[in-house]
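Structure, as structure tokens:
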Amino acid sequence: WKSSFGGGKGRGMIKERLRRLRAFLKAQGADAVLINKEVNLHYFSGFRGDDTVLLISADKAILVTDFRYAEQARAQAPLFTLKEQTKGLWRQAVECVGEAGWKRLAFEGNALFYSDYEKLQKLLPGAALDVPVDLSPLRMIKETEEIACIKKAVEIADAAFTDILTFIRPGVSENAVAARLESTMRALGSERPAFTTIVASGKRGSLPHGVATEKLIVDGEFVTMDFGAVYQGYHSDMTRTICVGRADERQRAIYDIVLDAQRLGLAAVRPGVSGKAVDAVARQRLEAAGYGKYFGHGLGHSLGLEIHEEPRLSSASTCDSLAPNMLVTVEPGVYLPGWGGLRIEDTVLVTDTGGEPLTSSSKELIEIL
Ligand code: ZN
Ligand code: ZN
């Protein structure tokens, strides 16, 4: 299913996604949907570019783009009728709506800029742009091909972690560690970092999102690295915390508690369980040890074409029931201002009977001696 553009999706897969999208549109009472979010262009058509919109109804699938992308769109989105615009994306899209005679249009409420929404409203001939939709739930359960891409992205990140252990030593900067992680992943096939790489050493470890700085790593410090790869659009996400030099008693004690919470969280992942319940299992372990208030974020999230997707594992999760072929991260941490912190994160595939951790790097406390 690869094309020369790398990533053209099989027709069968796109047909099935369109079938699910059309059932969803029918339930929403919309004649058609206008899609402009990049990851959804990719998911529903196979096209991997931007400045493009899809218009999809019960019997039509139109892709509106410009000269730069026309050839690529023909190759990657063969199920779509291509409209090459010369007078503006929105004008061309509105013309298509008029020709098709659609009256009620759905749009991505979380992706269409308000200024574009206003422009479309003005241009639309007797049609209402009045059904805001969120298409992300349609991507929650992953197909076999998607899982294969995520597994590959996870493998690339695992390999970068193995490599970084030979590189980290006192005197190396956080930035140098981040650059090495990113270049290793790139050389192994990653398109780009999955997000801004986090490298937080020593006291900076109390910043859950401490992106790498020029700070030099010092003997005796914990180093938390949170990073991921992107393979054919699909993200991976892992965190490991290691010690440069010997860990002291306190470091070791807190590490063991976080690792225990992480293992309990992993073991709680299975079909039918709620996102709140998995979060609670890990959180209770940290609370019992007196660190509950130092774990101020949710336990995990799903990923795929985006780094953060539904379902979430948190006290606010809206997911009542995990299902097979969903993916979630399990990433408890403890953050103590003035001391530092740590986090351990794996990506897990929900199977028919439980959870299959995909991340394979060791979680025993590693000391760089
Ligand atoms: Zn992460
Ligand atoms: Zn994460």
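Side-chain atoms are counted along with the backbone in the values below, which use heavy atoms only and exclude waters and symmetry mates. Computed from a predicted structure; not experimentally measured. We count ligands from 1, going down the list as the structure has it; atoms in each ligand are counted the same way.
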*Yes or no on side-chain hydrogen bond (donor to acceptor under 3.5 Å, both in side chains) for T213 and E174, after CA distance, side-chain angles and deciding distance?*
CA-CA 6 Å; T213 66; E174 293 174 347; 2.7 Å; yes
*asked:* Please determine whether H308 has a backbone or side-chain N, O or S atom lying under 2.8 Å from the Zn ion (ligand 2).
replied: no
*So, K276 and D279, do they make that salt bridge, N to O below 4.0 Å?*
no
Donor on one side chain, acceptor on other, [X] and [Y], under 3.5 Å:
X    : Y    : answer
S57  : D31  : no
D237 : H301 : yes
S201 : K215 : yes

*Backbone N or O of E143 within a donor-acceptor pair of the E146 side chain at under 3.5 Å?*
yes
*Measuring from the Zn ion (ligand 1), count protein N/O/S atoms under 2.8 Å, please.*
4
